[in-house]
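What follows is one structure encoded as structure tokens, with my remarks underneath.
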Amino acid sequence: MKLADRILELRKQKGISQEALADRLGVSRQAVSKWESEQSVPELDKIVLMSDFFEVTTDYLLKGIEPAADEKKTGKHIGNALALLAPYMAWIGYIMTCAFWYENQNAFAIMNGFIWQIGSVVVIYAARLNRIIDPKAVARYWMIAFPAISIFLSSLLYNLLGSMVLAPYPLFLADRTVLLGVWALVLICVNTAVEIYLHKRIRQ
């Protein structure tokens with residue numbers, strides 16, 4: 001089987017038209033038609049985009065070489081574990097940061113929060129770059145992790161504006177009730193919009 005045949009087969013397995021695939025890859029329908037009829041060969045960046053979209057390796061697209069069954073199974077297990085771990089890293093880190101700051105109120109607590117939040121993002125995108133999870137797993141990560149990350153970062157900004165103190169949760173100040181209300185409203189609106197968008201991405 002040639003590259004043209006593999007593209008055609010994978011497209012049919014996905015149940016999409018040449019035009020739909022072209023839209024995904026940012027090319028014309030004629031370009032996809034030429035690839036499938038062996039009149040031309042896709043550029044390397046399009047090969048990478050197709051491997052992501054069809055959830056196959058570039059080796060499979062170019063050479064027809066599939067990963068060994070054991071490698072696939074191991075990669076899937078690792079991917080599932082990382083996809084489950086990463087979003088809860090964000091929440092565990094946020095909760096720990098709140099507890100540390102409540103007890104000590106020092107910079108270590110805030111740094112702890114940043115380390116956990118950044119670590120959770122690194123874990124999920126490292127898994128994605130290694131293709132052991134799909135784009136939907138990344139969207140599911142953000143659905144769970146985004147509230148923790150947004151509350152943490154927006155609380156730092158809110159407290160900095162209100163009292164020049166960096167705290168991981170909003171501090172109640174009697175003379176800043178309007179600011180607290182605005183903060184809460186903006187946070188709810190942003191999180192709702194993000195969750196709706198991510199839900200649509202997962203359903204696609």
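We're numbering straight along the sequence, starting at 1.
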Is there a path of hydrophobic side-chain contacts, each under 4.5 Å between heavy atoms, that joins [X] and [Y]?
{"X": "Y197", "Y": "M143", "result": "yes"}
{"X": "I118", "Y": "I95", "result": "no"}
{"X": "V41", "Y": "W35", "result": "yes"}
{"X": "I149", "Y": "M111", "result": "no"}

Exam field: side chain [X] to backbone [Y], donor-acceptor pair closer than 3.5 Å:
{"X": "D23", "Y": "A20", "answer": "no"}
{"X": "R29", "Y": "Q18", "answer": "no"}
{"X": "N159", "Y": "L171", "answer": "yes"}
{"X": "W91", "Y": "I144", "answer": "yes"}

Worksheet item: Between F114 and F152, how do the two ring planes meet: parallel, tilted or perpendicular, split at 30° and 60°?
Response: perpendicular
Fill in: Test salt bridge (Lys or Arg N to Asp or Glu O under 4.0 Å) applied to D52 and R128, K136, K46, the passing residue
R128
Discussion item. Is it the case that the side chains of S37 and Q39 hold a donor-acceptor pair, with the cut-off being a distance below 3.5 Å and no angle test?
Written reply: yes
Item to complete: Check each of V186, L187, L185 against W183 using the side-chain contact (heavy atoms from CB on, under 4.5 Å) test, and report the only one that passes.
Response: L187
Discussion item. Go through it in stages, so that I can follow the logic: the residues are Y94 and Y169, the test is ring-ring contact (aromatic ring centres under 6.0 Å, His included), and I'd like the CA-CA distance, side-chain angles, deciding distance and then a yes or no.
Written reply: CA-CA 9 Å; Y94 178 63; Y169 52 82; 8.1 Å; no
